[in-house]
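A, B, ... follow the sequence lines: proteins, then strands. Residue 1 opens every chain. Predicted model only: the values in this text are computed from it and were never measured.
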Number of protein chains: 2
Amino acid sequence: MTDPTAITPDRRPGGRTARVRTQVLDAVRAELAENGHEGLTMEGVATRAGVHRTTVYRRWRDVGGLLVDVIEAAGEIDWRPPDTGSLRGDLTALNQEIQQSLVVQPSFAVALMAASFHSDQAARAQTRLWADRYAQCEIVVERAIARGELPARLTDARSLLIAATAPLYHQLVLLRADPDPQLPERAAEAAVLAAAAGAFSARRSACDPGAPS
Amino acid sequence: MTDPTAITPDRRPGGRTARVRTQVLDAVRAELAENGHEGLTMEGVATRAGVHRTTVYRRWRDVGGLLVDVIEAAGEIDWRPPDTGSLRGDLTALNQEIQQSLVVQPSFAVALMAASFHSDQAARAQTRLWADRYAQCEIVVERAIARGELPARLTDARSLLIAATAPLYHQLVLLRADPDPQLPERAAEAAVLAAAAGAFSARRSACDPGAPS
DNA sequence: CCACTACTGCAACAACTGTTGCTTTAAGAT
DNA sequence: ATCTTAAAGCAACAGTTGTTGCAGTAGTGG
């Protein structure tokens with residue numbers, strides 16, 4: 001007999017269960033792309049996935065649960081920041097990517113942001129995803145430092161990246177301005193100039209491993 | 001007899017009608033503050049306002065309609081940007097105000113942003129409100145130019161203001177980072193340095209009255 | 001091939017949301 | 001004071017959302 005308290009909790013990851021999961025997640029993405037995050041309902045997802053309502057309710061509980069799963073799946077695709085040979089070029093390319101993802105209609109990225117206001121779970125999942133992305137981007141700054149484009153080691157990569165990218169999100173997501181084709185480059189340029197002038201340096205934060213206590 | 005097609009459309013702005021409106025809008029603000037934008041339901045607002053559901057449905061149609069009214073009311077309070085004597089000081093103070101409004105729990109500002117994803121009407125109303133606020137802030141840049149802190153006339157006020165304030169919204173609203181007491185000053189400083197280095201200058205946009213075609 | 005049971009499907013249900021026709025109240029005009 | 005009618009209240013209704021008990025299906029291990 002199988003011990004119910006064993007480490008293996010008698011789950012069934014294979015076959016139908018897995019198939020239903022992909023069907024449902026695909027349906028979520030499709031609904032999200034088609035109707036925006038407004039039109040994302042448990043009912044709609046279930047119908048499109050060819051699965052019964054009850055199944056979706058039981059396995060994902062609510063819309064937030066669905067989004068968490070989708071967001072985490074999005075985090076698994078491997079992504080590399082651009083490498084153009086200059087900091088300004090890298091940041092501009094990065095911003096263009098961001099602008100692209102925010103401008104396409106319907107925007108999956110915007111839908112995720114909007115939806116993350118719905119559920120704490122989804123919000124946390126998205127925060128994790130973004131933290132990962134920014135961490136991956138730090139290499140851009142490190143390369144710039146290695147090339148001597150920035151004051152050595154005195155630049156806080158995260159702050160620089162935020163400064164470079166934040167205006168895009170602000171304009172397109174929060175202010176809902178019309179996309180400006182020059183903005184990616186201008187925002188990147190401004191961040192580079194600020195960095196060269198010594199902003200983003202010597203951030204006295206909790207995680208300063210170099211400082212002898 | 002009163003001509004029904006007269007300019008006066010036989011509205012009744014006074015008395016009960018006005019009283020109901022303030023009751024309902026107060027209720028919206030209270031619900032928003034208490035339960036966040038999630039807990040904002042027509043039913044809840046009506047009950048709290050001591051008014052019947054149908055009344056709220058008929059006059060405001062849906063949650064978006066309620067928010068439009070609240071947002072427009074918020075635009076009517078007169079607000080002045082800080083005036084500390086220096087660009088850096090002004091922007092820092094402005095950012096501190098923004099951070100304050102985003103950090104207080106529960107945040108009315110965040111609730112409005114979250115809610116503006118719900119309805120196009122609310123989104124448009126909020127866009128208008130924000131455009132007003134940024135327009136009001138341009139005086140801060142103009143004063144700095146007048147003081148000679150910035151390269152004369154070559155600075156696009158709007159871009160500078162966006163660069164200075166965007167990181168706050170990005171960190172606190174979208175990334176949901178813990179508030180950093182130094183961020184308002186650092187973001188302001190970075191924007192000032194970038195401006196001094198000539199970013200935000202000579203924006204070639206549609207509204208360039210000075211250029212002879 | 002068979003038994004076990006995790007997972008899904010189904011159907012009936014309660015709760016909530018928004019609508020509609022009608023009645024009642026009270027603001028504003030005579 | 002009285003009349004008119006915009007606006008609010010009321011009640012009954014349809015549609016939607018989420019839950020629950022039970023029955024059926026199909027992985028998984030023997």
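Residues meeting the side chain to side chain contact (heavy atoms under 4.5 Å, CB included) test with B:Ser86, sequence neighbours left out: B:Thr84, B:Arg88, B:Glu149. The ring-ring contact (aromatic ring centres under 6.0 Å, His included) check on A:Phe108 picks up nothing, with sequence neighbours excluded. For A:Glu72, the side chain to side chain donor-acceptor pair (under 3.5 Å) partners at least two apart in sequence or on another chain are A:Arg128. Residues forming a side chain to side chain donor-acceptor pair (under 3.5 Å) with A:Glu138 (at least two apart in sequence, or on another chain): A:Arg158. Under the side chain to side chain contact (heavy atoms under 4.5 Å, CB included) criterion, A:Asp69 pairs with A:Arg21, A:Leu25, A:Trp60, not counting sequence neighbours.
Applying the salt bridge (Lys or Arg N to Asp or Glu O under 4.0 Å) test to every pair with at least one member in residues 32-54 of chain A, sequence neighbours left out, gives these pairs: A:Glu31-A:Arg48, A:Glu34-A:Arg48, A:Glu43-A:Arg53. Listed by first and then second residue, the salt bridge (Lys or Arg N to Asp or Glu O under 4.0 Å) pairs that reach into residues 97-110 of chain B come to none, sequence neighbours excluded.
Although no hydrogens or angles enter the test, the distance criterion places a donor-acceptor pair under 3.5 Å between the side chain of A:Thr127 and the main chain of A:Ala123.
Counting to the nearest Å, the P atom of D:dA8 and the CD atom of B:Gln23 are 10 Å from each other. The CD-C1' distance, from A:Glu43 to D:dT19, rounds to 14 Å in whole Å. A:Arg19 has its CZ atom 11 Å from the P atom of D:dT28, to the nearest Å. Remark: C1' of D:dG27 and CZ of A:Arg21 are 18 Å apart, rounded to the nearest angstrom.
Closest to the B:Thr17 side chain, of the nucleotides D:dA8, D:dT17, C:dC7, is D:dA8.
Of the residues in residues 47-62 of chain A, those lying under 4.0 Å from DNA chain D by heavy-atom distance are A:Arg53, A:Thr54, A:Tyr57, A:Arg58.
Between the axis at the start and the axis at the end of the helix from C:dC1-D:dG30 to C:dT30-D:dA1 there is an angle of 40°, using five pairs per end and rounding to 10 degrees.
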